[in-house]
Amino acid sequence: MTMTYQDAYDQLTTLVDEIENEQVPLDELPGKIRLATELITFCQERLRAVETEYQEVIEKLPKR
Amino acid sequence: MSPIRLSDLAFTLEAVLDEAFGQKAMWVVAETSDIKNYPDRGYCFLTLVERDSASRETVAKLEACIWRRNYHTIGDFERETGVAFARNIQLLLLVSVAFNPVYGLRLEILKIDPSYTLGNLERERQAVLDSLVKNHPDLVWLEAGHYITANQLLPRPAVIQRIALITAPNSDGWRDFRHELAQNPFGYDFVVDEYLTQVQGQGAERAICGQLERIRLSGISYDAVAMVRGGGSQLDFGSFDTYLMGHTVAGFGIPILAGIGHERNVSITDLLCHQSVKTPTKAAAFLIEHNRQFEESCLQLRERLRLAAREAMLTARENLDRETERLRFVSQAYFRERHTDLTEKAVTLRHLDPSNVLRRGYALLLRNGRIITQAASVQPDETLQVQMRDGIVTVTVLEP
């Protein structure tokens, strides 16, 4: 099952919250930050894909 | 008594009648029959009758005529009432009595009164409406002075595309309606099934109701029935004012759009159908406009969809950017925190490091490498070491 945008975004938010609240042991920090960065990349790509699709679909709608 | 000549009798009759009626004109109510109309020559012969209201038997019957000088009264009457000058209609007539020894007794009609006929029509129409409301309260009822019918309350499809057309074959109404529909500037497609019939004259109401029945039995789910009649004829609305038509239209299961071409009065069909417009052209225009409104609402929805989708994506992007920025910020804060912590610990450690203490001039007293902290443990003559900043000195205790 592929991850949804919302899943990724929620996970990202949780990670940032954890780091912010210093709940992450230092040794785990690089892993967490790498994961957070991957989640951001995923979200950006997903968002860009949706934007592109939206442009195509909306433009394809017959004007009249 | 010796016989007199027929002409003498005729002349006497003429004199008597002239004496009695002369050039006097009087208003007479009578029913028309046996009309011989010569529009080209501008005169008309007819028979006027009075029937017993109960038995319908003729109680009086006189020949009548309209001469050229008053011939326009027929056209005036038809224009004002919308009723065709025809047999078997009750009229209020201004007449004078004329007698001719050769042609006999004849009433000359000087004027036909339209308001009498209009009043009668209105009364008949009201009577029909009253009995419809009384006999079919489920189909026709009054609300705040307006007639409401089951047909009016039928839901109107968002798009009206499949149409059953009731009209006269090859008539102006048929042409106008089809032309207007086909020429619509938006390129809408309509599927029109024609149910052709006479729409005026004797038997028209039965023919029209028969076509409505055919439509019902076809089982085709038409979006609407268009009933049109045109060509500017203002006469002969009788069929659209009858009980049968009113009842059929009010209770019909498909919305009926009427464009039966009249300007003066509103027929019972107009009153009780789903929607009424003046002409066949307007009926077609109504359908096109109805569909255009649907398209318009689609376009508006499309625009809202576009804006809402864009808004949603903007929000998502903003949120993502904010989280990215937050990640950067909290990571830096995390590191800063750890660094500060380590630095503080280092300072503390530095303070605690004995070499730093020695540097300030203090010394440690050791026994075999262990720090001595109690004077009582020191024995006389004992050998101890003194640790100073730059080295160790061995000392002997003189006195504890």
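Letters go in sequence order (proteins before strands), and every chain restarts at 1.
Contacts of L29(A) with chain B are made by side-chain atoms alone, with heavy-atom separations under 4.5 Å and no backbone atom involved. R306(B) touches chain A through backbone and side chain together, each having a heavy atom under 4.5 Å away. When heavy atoms are compared at a cutoff of 4.5 Å, R310(B) approaches chain A by way of both its backbone and its side chain. Neither the backbone nor the side chain of N21(A) comes within contact range of chain B, judged by heavy atoms closer than 4.5 Å. Contacts of A333(B) with chain A are absent, with no heavy-atom separation under 4.5 Å from either backbone or side chain. Of the atoms belonging to F335(B), it is side-chain heavy atoms, and not backbone ones, that fall under 4.5 Å from chain A.
Inter-residue side-chain proximity for V330(B) and E18(A) is flagged as unmet; no heavy-atom pair is nearer than 4.5 Å.
Contact tally against chain B (heavy-atom pairs below 4.5 Å) for L39(A), D17(A), L15(A): the top residue is D17(A).
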Check against side chain to side chain contact (heavy atoms under 4.5 Å, CB included), R317(B) and L47(A): CA-CA 7 Å; R317(B) 179 157 289 288; L47(A) 189 55; 3.6 Å; yes
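When all heavy atoms of Y5(A) and L320(B) are compared, the closest pair comes out as OH-CB, 3.7 Å. When all heavy atoms of T37(A) and L327(B) are compared, the closest pair comes out as N-CD2, 4.3 Å. Considering every non-hydrogen atom in both I19(A) and Y334(B), the closest pair reads O-CD1, 3.8 Å. Of all non-hydrogen atoms in V24(A) and R338(B), the two that sit nearest each other are O-NH2, 3.8 Å. M313(B) and V50(A) make their closest contact through SD-CG1, 3.8 Å (heavy atoms, listed as atom of the first residue, atom of the second, distance).
With values rounded to the nearest 0.5 angstrom, R326(B) atom CZ is found 6.5 Å from T13(A) atom OG1.
Within a 6.0 Å radius of CD1 in I371(B), other residues, nucleotides and ligands contribute 12 heavy atoms or fewer. Within 6.0 Å of atom CD in E289(B), more than 12 heavy atoms from other residues, nucleotides or ligands are found, so the atom counts as buried in its surroundings.
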